[in-house]
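Letters go in sequence order (proteins before strands), and every chain restarts at 1. Fair warning: this is a prediction, and the values are worked out from it, not measured in the lab.
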Amino acid sequence: MVKVVQKSISPLQLLQALEQVYPDAHCELLYRNPWQLLVATILSAQCTDKRVNLVTVELFRELPDPEHMAAASQQQVEDLIRSTGFYRNKAKSLIRSAQQVLTLHQGKVPADLNALVALSGVGRKTANVVLGNAYQIPGMVVDTHVKRLARRFGWTQTDKPEQIEIELSRLLPPTTWIQCSHTLIAHGRACCKAPTPICSACPIVKLCPRIGVQTAR
DNA sequence: ATCCCGAGGG
DNA sequence: CCCTCTGGAT
């Protein structure tokens, strides 16, 4: 008598299946250099990337680099970024981080996690976006989509972003980290939405650990 | 009404 | 740990 054990798919296998579905997933923020990506990512908090790209057209024309941003007034920056929300905090962060990049890093955005996180308005999520997309240095980006999908897949139990980042970094090899967030974000937007996933139209529903175990949330 | 590629302050 | 910051899209 052979006992059949239902073995769940590994995180790497599930991720690879998703990459087949979303082969073109990529960073949708528009930028020309690391500084502009840093700016766009700071602006992306609680805002769609489409809205950020609308705002940065004029923002980058008026204030294209750390020198211009560091010298700008709070009012000018607020007026340029208002529609992205949280505009007072974001304006303050942009001006301060520009000043820090100038005084601490010779005007160049540092390619180092700790140095990035030390900048105003830059947390681990923003820092890892810049590291991965501007410098091709593997960083696990945990945003609202990655957090939601990682929990639904059973890859983590916690809801603390930094803890999720640590756990996913152990579950997946560094070579997959940069593309991982793009793939999960693409799937999160298209299908595995908050609060209700559209499982009936899900391309990987047969591989989903959530279906079958039926754990809530 | 809820959600969008969060971070800082108390 | 919690709370606050904010406008736009759906």
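- Separating the CZ atom of A:R124 from the C1' atom of B:dA7 is a distance of 13 Å, rounded to the nearest angstrom.
- Nearest heavy-atom pair across A:L18 and A:T183 is CB-CG2, 3.5 Å.
- With rounding to whole Å, A:R96 atom CZ is found 10 Å from B:dG8 atom P.
- What separates NZ of A:K90 from P of B:dC5 is a distance of 11 Å, to the nearest Å.
- Nearer the 5' end of DNA chain B, as judged by each residue's closest nucleotide, is the contact made by A:C47, out of A:C47 and A:G121.
- Taking atom CD1 of residue A:I185 and atom C1' of nucleotide B:dC3, one finds them 15 Å apart after rounding to whole Å.
- Counting non-hydrogen atoms under 4.0 angstrom, A:L37 reaches nothing in the nucleic acid.
- One interatomic measurement links the two molecules: CG of A:D49 to C1' of B:dG6, which rounds to 15 Å at whole-angstrom precision.
- Considering every non-hydrogen atom in both A:P173 and A:L12, the closest pair reads CD-CD1, 4.2 Å.
- Going from the C1' atom of C:dT6 to that of B:dC3 covers 13 Å, rounded to whole Å.
- Atom CG of A:L168 is separated from atom CZ of A:F153 by 11.0 Å, given to the nearest 0.5 angstrom.
- A heavy atom closer than 4.0 Å to some atom of DNA chain B occurs in A:H26, A:C27, A:E28, these being the qualifying members of residues 17-36 of chain A.
- For the pair A:T41 and B:dG6, the criterion of a side-chain N or O lying under 4.0 Å from OP1 or OP2 is not met.
- Computed from coordinates, the A:I164 CD1 to B:dC5 C1' distance equals 14 Å when rounded to whole Å.
- Contacts classified as side-chain hydrogen bond (donor to acceptor under 3.5 Å, both in side chains) and involving residues 157-173 of chain A (residues at least two apart or in different chains) are given here: A:R124-A:E165, A:N128-A:E165, A:T156-A:E167, A:Q163-A:E167.
- Looking at heavy-atom distances under 4.0 Å, A:S93 makes no contact with the nucleic acid at all.
- Computed from coordinates, the A:K147 NZ to B:dA7 C1' distance equals 13 Å when rounded to whole Å.
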Residue pair A:W177, A:V141: steps toward the side chain to side chain contact (heavy atoms under 4.5 Å, CB included) verdict: CA-CA 8 Å; A:W177 293 354; A:V141 172; over 6 Å; no
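- A:P161 comes within contact range of no nucleotide atom at all, as no heavy-atom separation falls under 4.0 Å.
- With A:I185 as the fixed residue, the side-chain contact (heavy atoms from CB on, under 4.5 Å) test singles out one of A:D49, A:T144, A:D143: A:D143.
- Here B:dG8 presents its P atom at 12 Å from CD of A:E162, a figure rounded to the nearest Å.
- The separation of C:dC1 from B:dC4, taken at their C1' atoms, amounts to 25 Å, rounded to a whole angstrom.
- For the 3.5 Å distance criterion, the side chains of A:K125 and A:S44 qualify, holding a donor opposite an acceptor.
- Nucleic acid contact class of A:V146 (heavy atoms, under 4.0 Å, all strands): none.
- An OP1 or OP2 oxygen of B:dC4 is reached within less than 4.0 angstrom by a side-chain nitrogen or oxygen of A:R148.
- Between A:S120 and A:H145, the residue anchored closer to the 5' end of DNA chain B is A:H145, taking for each the nucleotide with the nearest heavy atom.
- Along DNA chain C, the stretch of nucleotides lying under 4.0 Å from any heavy atom of chain A spans, 5' to 3', C:dC5 to C:dA9.
- A:Y87 comes within 4.0 angstrom of sugar-phosphate atoms only, judged by non-hydrogen atoms across all strands, and of no base.
- Heavy-atom minimum distance, A:L172 versus A:C180: CD1-SG, 3.8 Å.
- Looking at A:N133 and A:H182, their side chains do bring a donor and an acceptor atom within 3.5 Å of each other.
- Minimum heavy-atom separation, A:W35 to A:P64: CD1-O, 3.8 Å.
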